[in-house]
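See below for the structure under consideration.
These figures come from a predicted structure and were not determined experimentally. All heavy atoms count here, side chains included; hydrogens, waters and symmetry mates do not. Numbers restart at 1 for each chain; the letters A, B, ... are given by sequence-line order, proteins then strands.
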Number of protein chains: 2
Amino acid sequence: MNVRTLCLAILHHQDATGYEIRKLSTEGKYAYFVDASFGSIYPALAKLEDEGLVTCRLEHQDGKPARKVYSINEVGRDELRLNLKESPTPDVFRSEFLLIGMCADLLDVGDMERALDTHIAQVEAEQIKINEMKADLPEGENNWLHNYGMTCMNTQLDWLRANRERILQYSASVARDADKDGAGSQPGAITMPAAAE
Amino acid sequence: MNVRTLCLAILHHQDATGYEIRKLSTEGKYAYFVDASFGSIYPALAKLEDEGLVTCRLEHQDGKPARKVYSINEVGRDELRLNLKESPTPDVFRSEFLLIGMCADLLDVGDMERALDTHIAQVEAEQIKINEMKADLPEGENNWLHNYGMTCMNTQLDWLRANRERILQYSASVARDADKDGAGSQPGAITMPAAAE
DNA sequence: GTTAGCATGTAAACAGTTACATGATTGT
DNA sequence: ACAATCATGTAACTGTTTACATGCTAAC
């Protein structure tokens, strides 16, 4: 998927300016599809207008600079429908935190603790964000999406909170410089305490 | 994060060729960090060797083409450690399926059903993949990562299976051409059946 | 006999980001 | 005074993908 389709999808739900599309796609409820910045959104909108899939009206405001408000038309909706009909590509999940976890033996417990707490804070922030989106959604409309997201977020956070100490214990046991009471850093020799599920 | 760091992280755990690194980072246990193809991996390895962070030995095999097996050295591990010490950026989650869900009103129920079942099959495949990774991991080593992943995957799949019918009912109620028994397609007028959590 | 897998590498193309340029308003 | 928000847009850059080139083996 690309910025083009993202713009069509947003405009399908509401008229918007390039500025608003960027906000929606980085912070708002369209943040789970593609990253897009001004440098890709403005050219994409210009091209869509060129091709006749969207229309544009200029709104002058006093004080603030003028807005170019885009609207989708039926040609655009057809194009969007066509894109949507294709089988979805698999979800993408990427986590720098997991890579840190995989290389825990290179870091001391302090580093690991900081990374873990940063990560927990990030997931918490995400959960709050999703929760706030609910207010934004019309009654009964598409709230299965909201419900799906909340369920996954809650599980993730619950697990992280329940296993924080165990992760740190494990980190201490494999850390390269960790050599207290001779247990040392032979990888594989240490058994991780059973994780709570 | 980039291909460079990914290569260092993989080489921290095992010697590998460019070919193997690609497999590990697209299908294997390093698939949650960065997408990388030959076009980015080979140049990255060459540069790392150039900079003296990794070494390379040529392994001739009969029949198959020769392999260039890379190993990380202490300079490389220091560089990796430096990268890992930085606070992790937030997890990235992208889903084309969710975008389809958001635009359900543009599709008929058949399209939605196909998309949903494709998605469920993809999550199932992912779950199986993660499960198979466990056998690959040394006893007790880093299995909290495995446990974390399985917990999230299970929740996701359970939710999808429990709510499949409700999603399709909702889809039918908002589909643009859906006009049986006059209930029609006024968005917002339909209340979604309560979702099972 | 054709496809898939192993194995390396390059060049062209592309998508997208970053930084810049401009300028008014509002809040600290 | 300074930063942030609103608002548009471009140019340079970067990172990555796609397609190509090569060639041998094993499986279907």
### Query
Salt-bridged, B/Arg81 to B/Glu86, with N to O below 4.0 Å?
no

### Message
Please determine whether a side-chain nitrogen of the Lys or Arg among A/Arg94 and B/Asp35 lies less than 4.0 Å from a carboxylate oxygen of the Asp or Glu.
### Response
yes

### Task
Figure out the NE2/P separation between B/His60 and D/dT25, and round it to whole Å.
16 Å

### A/Glu59 bridged to A/Arg57 by N-O distance under 4.0 Å
yes

### Query
Are A/Glu51 and A/Arg4 ion-paired here, with the side-chain N under 4.0 Å from a carboxylate O?
yes

### Query
Taking OP1 and OP2 of C/dC6, is either one under 4.0 Å from a side-chain nitrogen or oxygen of B/Thr17?
no

### Message
Distance check needed: D/dA7 C1' versus A/Arg57 CZ, whole Å only.
### Response
16 Å

### Summary
Looking only at D/dA7, C/dA7, C/dG9, the nucleotide nearest the B/Tyr70 side chain is C/dG9

### Task
Determine to 10° how strongly the helix from C/dG1-D/dC28 to C/dT28-D/dA1 is bent, judged from the axes of its five-pair ends.
40°

#### Entry: Spacing of CD1 belonging to A/Ile128 relative to CE belonging to A/Met133, to within rounding of 0.5 Å
12.5 Å

### Task
Grab the CG-C1' distance between B/Asn2 and C/dT17 for me, whole Å please.
15 Å

### Query
Quick one: is D/dA7 close enough that its OP1 or OP2 comes under 4.0 Å of any side-chain N or O from A/Gln61?
yes

## Note on the structure
Numerically ordered, the residues 34-48 of chain A set in heavy-atom contact under 4.0 Å with DNA chain C is A/Asp35, A/Ala36, A/Ser37, A/Gly39, A/Ser40

### Task
Not counting sequence neighbours, which residues clear side-chain hydrogen bond (donor to acceptor under 3.5 Å, both in side chains) with A/Glu165? List them please.
none

### Query
What's the NZ-P distance between A/Lys68 and D/dG9, to the nearest Å?
4 Å

